[in-house]
Each structure stands twice: as structure tokens, then as C-alpha cells.
**Student:** 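Handing you a structure now.
In this chain, residues are counted from 1 in sequence order. The basis for the numbers below is simple: all heavy atoms, side chains too, and nothing from hydrogens, waters or symmetry mates.
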Amino acid sequence: KDALVACVAEHHKLPHQWAKARNSLQKSGWRSVCSPARPSLKTLTGTHGGTAIMSRSHLHLTPFKDKKLGDNGFDWSAIILRLKGVNVLLVSVYLTCSIGMKGDNLIKIKELIKLCLGANMPFILLGDWNMSPSILNSTGWLDIIKAEVMVPDNVQFTCDTGGMLDYAVVARSIRGA
């Protein structure tokens with residue numbers, strides 16, 4: 001109720017479903033950007049993925065527009081958030097579960113590397129990474145973008161199986177700021 005900005009990972013909404021949800025959000029005083037879900041290959045009616053960032057309409061948040069990537073990509077959405085005189089790229093992320101750092105997740109990470117390096121501003125990536133922070137750290141991509149994992153300090157796990165899968169990746173330039 002008191003939130004000003006919300007990031008959503010894996011909303012499961014196809015483009016036409018998100019359009020309806022966006023209209024409903026606007027009527028409730030929210031603006032949004034999204035990356036739509038895709039049909040699941042496992043069932044005829046299921047979907048997977050999709051991300052969104054929602055902000056209260058009175059905030060001056062700007063959708064991030066990259067000439068090559070736009071404001072959303074393969075399971076990520078981005079906005080520019082103004083904090084204490086600095087622009088910060090805020091990104092909502094969803095990595096596909098159970099595949100680790102291969103297949104679709106490699107494509108997503110490559111897009112995120114281009115996004116973070118091309119943004120020329122500090123960034124915060126919030127999401128459902130579907131892998132532990134130690135596995136994400138071991139891939140080396142965080143060194144490429146000069147970032148660190150930040151996990152919530154008020155919970156031991158973020159999913160029913162007891163793992164820590166939902167956390168932030170933060171530019172080292174603003175870590176602890």
C-alpha cells in the first residue's frame with residue numbers, strides 16, 4: 001500500500017494480458033514498463049517469465065530507452081530512478097529456473113551486460129535469479145559489470161525449497177551508498 005516503486009519478476013502475463021493489467025494499474029495511480037511473458041513449451045495454456053516495474057504516477061521515473069535494447073528485453077524491464085541527485089538504472093530481472101547459466105539465461109545475461117555497460121550510470125538489478133548468489137558470483141559476469149550481489153538480511157531463504165533465489169545485483173559504485 002505504501003510502496004512508491006515495485007519490481008515484479010515472473011508475472012506470467014502475455015502482451016495482451018499485460019495491456020489490460022497496465023490499464024488497471026493506471027486507473028489506480030501507477031505507471032509501468034514490462035517485458036511480457038512467453039507461452040510455455042510444457043503446456044498449451046501456460047506461460048513463463050515476464051518482468052515489470054511499476055511506479056506511482058506522481059514520481060518522475062523515466063523508462064530507460066536504449067537505442068538497441070529499448071526499455072525491456074528478454075525477461076528484464078528498466079527505468080531511470082532519480083536518487084539524491086544521481087540517476088540510477090533500476091532493472092527487474094527473471095532468469096529461467098532449473099537451467100543454470102546456459103541457454104536462455106546466457107542470452108539474458110548478455111543483454112544485461114550490454115544494458116549495464118551501456119547505461120553510463122549506476123544500476124540496481126532486482127529479481128528472481130533462480131540460482132544461488134554463489135553460483136551467480138562464480139560465472140564472472142559480475143566482475144565485467146563491476147557489481148556485487150546483495151541479499152536480504154531479514155530472511156534466510158526466498159523460496160519454498162529453502163534457497164536464496166531473489167536478491168539484488170548492485171553496481172559497486174553505489175554499494176553501501
Side-chain angles (χ1 to χ4, degrees), residues 2-11 30-35 49-97 99-102 104-159 163-177:
D2 295 331
L4 298 177
V5 179
C7 292
V8 179
E10 199 177 18
H11 58 59
W30 292 87
R31 294 185 308 164
S32 61
V33 296
C34 98
S35 170
T51 62
I53 302 176
M54 302 171 294
S55 66
R56 287 293 186 186
S57 297
H58 69 277
L59 297 177
H60 297 287
L61 302 176
T62 309
F64 180 78
K65 297 286 186 190
D66 182 89
K67 290 177 184 171
K68 294 179 183 173
L69 297 173
D71 66 359
N72 68 73
F74 190 13
D75 281 335
W76 60 264
S77 307
I79 63 167
I80 299 171
L81 179 62
R82 185 85 173 153
L83 296 175
K84 293 186 180 178
V86 66
N87 287 333
V88 176
L89 181 67
L90 179 63
V91 184
S92 180
V93 178
Y94 170 75
L95 293 188
T96 305
C97 77
I99 65 168
M101 195 57 80
K102 59 185 176 192
D104 284 351
N105 286 346
L106 272 180
I107 295 167
K108 295 172 187 183
I109 291 297
K110 287 178 182 178
E111 282 189 7
L112 290 171
I113 289 171
K114 288 179 187 175
L115 178 70
C116 292
L117 293 178
N120 295 318
M121 68 183 79
F123 53 84
I124 301 170
L125 312 177
L126 298 169
D128 181 353
W129 298 93
N130 274 313
M131 64 184 75
S132 70
S134 61
I135 292 173
L136 193 72
N137 270 323
S138 72
T139 64
W141 82 279
L142 296 176
D143 290 330
I144 295 169
I145 62 169
K146 296 179 176 68
E148 297 177 13
V149 167
M150 289 183 68
V151 298
D153 60 6
N154 60 345
V155 296
Q156 293 179 3
F157 54 89
T158 60
C159 68
M164 178 65 66
L165 306 179
D166 306 286
Y167 47 88
V169 169
V170 179
R172 289 182 189 136
S173 63
I174 59 169
R175 175 83 161 89

**Student:** So Leu126 and Ser92, side chain to side chain contact (heavy atoms under 4.5 Å, CB included) or not? Walk me through it.
**Tutor:** CA-CA 5 Å; Leu126 298 169; Ser92 180; 5.9 Å; no
**Student:** To the nearest 0.5 Å, what is the distance between OG (Ser32) and CD1 (Ile79)?
**Tutor:**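 So the gap between those two atoms works out to 10.5 Å.
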**Student:** Do the side chains of Leu112 and Val169 get nearer than 4.5 Å, heavy atoms only?
**Tutor:**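 No. Closest side-chain heavy atoms not under 4.5 Å.
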**Student:** Ala78 and Val33: which non-hydrogen atoms are nearest, and at how many Å?
**Tutor:** O-CG2, 3.8 Å
**Student:** Would you say the side-chain atoms of Asp75 pair up with the backbone N or O of Val93, donor to acceptor, closer than 3.5 Å?
**Tutor:**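 No, Asp75 side chain to Val93 backbone: no donor-acceptor pair under 3.5 Å.
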**Student:** Measuring from atom CG of Asp166 to atom CG of Asp128, what distance do you get when rounded to the nearest 0.5 angstrom?
**Tutor:**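 The CG atom of Asp166 sits 4.5 Å away from the CG atom of Asp128.
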**Student:** Please report the closest heavy-atom contact between Ser57 and Arg31, naming both atoms and the distance.
**Tutor:** OG-CG, 3.9 Å
**Student:** Between atom CG of Leu89 and atom OG1 of Thr62, what is the distance when rounded to the nearest 0.5 Å?
**Tutor:**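 One finds 11.0 Å between CG of Leu89 and OG1 of Thr62.
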**Student:** I need the Ile145 CD1 to Phe123 CZ distance, nearest 0.5 Å.
**Tutor:** 4.0 Å
**Student:** Nearest heavy-atom pair of Asn130 and Leu95: which atoms, and what distance?
**Tutor:**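 Taking every non-hydrogen atom into account, ND2-O, 2.6 Å.
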**Student:** With the side chain counted from C-beta on, respond yes when Thr139 and Ile109 share a heavy-atom pair under 4.5 Å apart, and no when they do not.
**Tutor:**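 No, their side chains stay 4.5 Å or more apart.
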**Student:** For Trp76 versus Ser35, what's the shortest heavy-atom pair and its separation?
**Tutor:** O-CB, 3.3 Å
**Student:** Can you classify the ring geometry of Tyr167 versus Trp129 as parallel (below 30°), tilted (30 to 60°) or perpendicular (above 60°)?
**Tutor:**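 Ring orientation of Tyr167 relative to Trp129: parallel.
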**Student:** Side-chain contact, heavy-atom cut-off 4.5 Å: Lys108 with Thr96?
**Tutor:**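 The answer is yes, as the side chains (C-beta and beyond) meet within the 4.5 Å cut-off.
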**Student:** Shortest non-hydrogen contact from Tyr94 to Ala9?
**Tutor:**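 Shortest heavy-atom contact: CB-CB, 4.3 Å.
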**Student:** Do Ser77 and Thr51 get their side chains close enough for a donor-acceptor pair, meaning under 3.5 Å?
**Tutor:**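 Side-chain D/A pair, Ser77 to Thr51: present.
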**Student:** If you measure from CG on Leu81 to CE on Met121, what distance do you get to the nearest 0.5 Å?
**Tutor:** 10.5 Å
**Student:** Could you tell me if the side chain of Leu117 sits less than 4.5 Å from the side chain of Ile144, heavy atoms only?
**Tutor:** yes
**Student:** Would you say the side chain of Met101 lies within less than 4.5 Å of the side chain of Leu106, judging by non-hydrogen atoms?
**Tutor:** yes
**Student:** Supply the atom-to-atom distance Asn120 CG to Asn87 CG, rounded to the nearest 0.5 angstrom.
**Tutor:**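 It comes to 11.5 Å.
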**Student:** What's the shortest heavy-atom distance between Arg172 and Leu142, and which atoms?
**Tutor:** NH2-O, 4.1 Å
**Student:** Heavy atoms, side chains only, cut-off 4.5 Å: are Ile53 and Cys7 in contact?
**Tutor:**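 Yes, at least one pair of side-chain atoms sits under 4.5 Å.
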**Student:** Measure the shortest side-chain to side-chain distance between Leu125 and Cys116 over non-hydrogen atoms and say whether it is less than 4.5 angstrom.
**Tutor:**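 They are in contact (side-chain heavy atoms under 4.5 Å apart), so the answer is yes.
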**Student:** Any side-chain heavy atom of Ile174 sitting closer than 4.5 Å to one from Ile124?
**Tutor:**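 The answer is yes, as the side chains (C-beta and beyond) meet within the 4.5 Å cut-off.
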